[in-house]
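Some notes on the structure that comes next.
All ligand and atom numbering here is 1-based and tracks the order in the structure. Numbering of residues begins at 1 and proceeds along the displayed sequence.
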Amino acid sequence: MRDAVTTLIKNYDNTGRYLDSSALDSIKSYFDSGLDRIKAAAIISANAAGIVKEAGVTLFAQVPELIRPGGNAYTTRRYAACLRDMDYYLRYSSYALVAGNPDVLDERVLTGLRETYNSLGVPIAPTVIGIQLMKDLVKAKVQEAGVADPSVVDYPFDYITRSISETSI
Ligand SMILES: CCC1=C(C)/C(=C/C2=NC(=C\c3[nH]c(/C=C4\NC(=O)[C@H](C)[C@H]4CC)c(C)c3CCC(=O)O)/C(CCC(=O)O)=C2C)NC1=O
């Protein structure tokens, strides 16, 4: 599992290069955005249960057939599994925000996920909606907290949705 700095160093070391200006710019931007990303992660930690719950309520209002008989989130067990998955996406997004790198998502969340979802009939499109709803809720809270550029929170959520849907957002 790697962060932005270890990933970059690994790449340069693989080819025996000194860090050049593009490497140093990217490290600088990692540190410059650091406080905002940490603030966002703290906001996620403090509000995780509420964010998952609110995104879930909105998702099931937007796509009510999910929780009707025949829907993939129908029955208490599957409803709970769906919210648990949303909680995974939120928690791992907070890790990726701190790391400034999606490696943790690839390693712990995304490997084999599409295949699992396909085999269980978990629909991808509403999952993407759920993840994007959580992103919007986090962004709103981060903005309220006075973070200058709330779009720092986008990338882990967008990375997950791109990976499971294999289409660009
Ligand atoms: C930390 C990494 C990690 C992830 C990401 C993960 C996902 C994950 N979600 C699963 C199931 C599931 N996932 C959902 C999710 C949904 N159904 C819907 O209709 C909605 C669109 C959506 C919620 C937004 C549901 C309902 C199940 C249960 C499906 C079933 O058993 O029939 C399963 C099958 C095993 C199980 O039920 O626990 C896995 C492995 N597990 C992991 O360890």
Side-chain angles (χ1 to χ4, degrees), residues 1-7 10 30 33-34 36-144 150-169:
M1 205 192 313
R2 294 195 303 267
D3 60 30
V5 176
T6 52
T7 300
K10 183 171 186 283
Y30 170 75
S33 64
D36 285 349
R37 288 183 289 103
I38 289 168
K39 215 181 265 180
I43 287 169
I44 292 175
S45 300
N47 297 281
I51 292 167
V52 169
K53 187 164 174 230
E54 194 177 337
V57 166
T58 310
L59 171 64
F60 295 130
Q62 276 182 26
V63 195
E65 53 275 24
L66 291 173
I67 49 174
R68 291 191 188 131
N72 188 262
Y74 176 67
T75 77
T76 314
R77 181 187 68 79
R78 290 203 297 256
Y79 185 95
C82 177
L83 292 184
R84 179 214 55 198
D85 284 7
M86 303 254 286
D87 186 61
Y88 285 150
Y89 300 134
L90 184 62
R91 179 161 59 88
Y92 282 96
S93 291
S94 76
Y95 298 163
L97 272 176
V98 170
N101 182 282
D103 195 50
V104 64
L105 301 175
D106 286 330
E107 197 175 298
R108 297 290 164 87
V109 180
L110 297 169
T111 308
L113 183 60
R114 249 180 91 83
E115 293 70 20
T116 304
Y117 270 17
N118 286 339
S119 73
L120 290 170
V122 177
I124 302 284
T127 303
V128 165
I129 295 175
I131 293 167
Q132 293 294 318
L133 286 166
M134 292 196 293
K135 176 178 91 174
D136 293 342
L137 290 167
V138 171
K139 262 175 106 161
K141 290 187 191 304
V142 163
Q143 187 149 29
E144 267 168 42
S151 71
V152 293
V153 308
D154 288 354
Y155 96 83
F157 299 96
D158 291 347
Y159 191 88
I160 297 171
T161 55
R162 258 200 312 274
S163 167
I164 59 174
S165 57
E166 290 182 340
T167 54
S168 50
I169 296 293

T127 neighbourhood, listing ligand 1 atoms whose heavy-atom distance to it stays under 4.0 Å: 21 (C), 22 (C)
Nearest-option assignment for atom 10 (C) of ligand 1, heavy atoms, candidates R84, M134, R78: R84
Expected output: side-chain N72 to main-chain L120 donor-acceptor under 3.5 Å: yes
Shortest non-hydrogen contact from I131 toward I160: CD1-CG2, 3.7 Å
Contact partition for M86 relative to ligand 1, non-hydrogen atoms under 4.0 Å: side chain
Element-labelled atoms of ligand 1 that are located less than 4.0 Å from some non-hydrogen atom of L113: 5 (C), 7 (C)
Shortest heavy-atom approach to atom 1 (C) of ligand 1 - which of Y92, Y74, Y89: Y92
Ligand 1 N/O within reach of T116 N/O, cut-off under 3.5 Å: no
Check: E107 side chain, M1 main-chain N or O, donor-acceptor pair, under 3.5 Å: yes
Protein contact to atom 34 (C) of ligand 1 [nearest heavy atom, distance to 0.1 Å]: L120 CD1, 3.3 Å
Nearest-contact summary for atom 27 (C) of ligand 1 - protein heavy atom, Å: A81 CB, 3.5 Å
Residue, atom name and distance, where the atom is the protein heavy atom closest to atom 31 (O) of ligand 1: R77 NH1, 3.1 Å
Check: S94 side chain, A41 main-chain N or O, donor-acceptor pair, under 3.5 Å: no
Heavy-atom check, side chain of P156 versus side chain of V104, under 4.5 Å: no
Within-shell test, P123 vs ligand 1, heavy atom, strictly < 4.0 Å: yes
Nearest non-hydrogen partners of A96 and Y155, listed with the distance: O-OH, 2.6 Å
side-chain contact (heavy atoms from CB on, under 4.5 Å) between E144 and I43, worked out: CA-CA 10 Å; E144 267 168 42; I43 287 169; over 6 Å; no
Under 3.5 Å: N/O of D85 near N/O of ligand 1: yes
Shortest reach to atom 42 (C) of ligand 1 by a heavy atom, considering only Y88, F60, Y79: Y88
Criterion side-chain contact (heavy atoms from CB on, under 4.5 Å) on I67 and Y79, from CA distance to verdict: CA-CA 7 Å; I67 49 174; Y79 185 95; 3.6 Å; yes
Side-chain (R78) to main-chain (Y74) donor-acceptor, under 3.5 angstrom: yes
Option with minimal heavy-atom separation from atom 17 (N) of ligand 1, where the choices are N72, I67, V52: N72
Y89 side chain to T161 backbone, donor-acceptor under 3.5 Å: no
Shortest protein contact, atom 23 (C) of ligand 1 (heavy atom only): C82 SG, 1.9 Å
Under 4.0 Å to a heavy atom of L66 - the qualifying atoms of ligand 1, by number: 19 (O)
OH (Y30) with more than 12 external heavy atoms under 6.0 Å: yes
Sub-4.0 Å atoms of ligand 1 with respect to non-hydrogen atoms of R108: 1 (C), 2 (C)
Location of contacts on Y117 toward ligand 1, heavy atoms closer than 4.0 Å: side chain
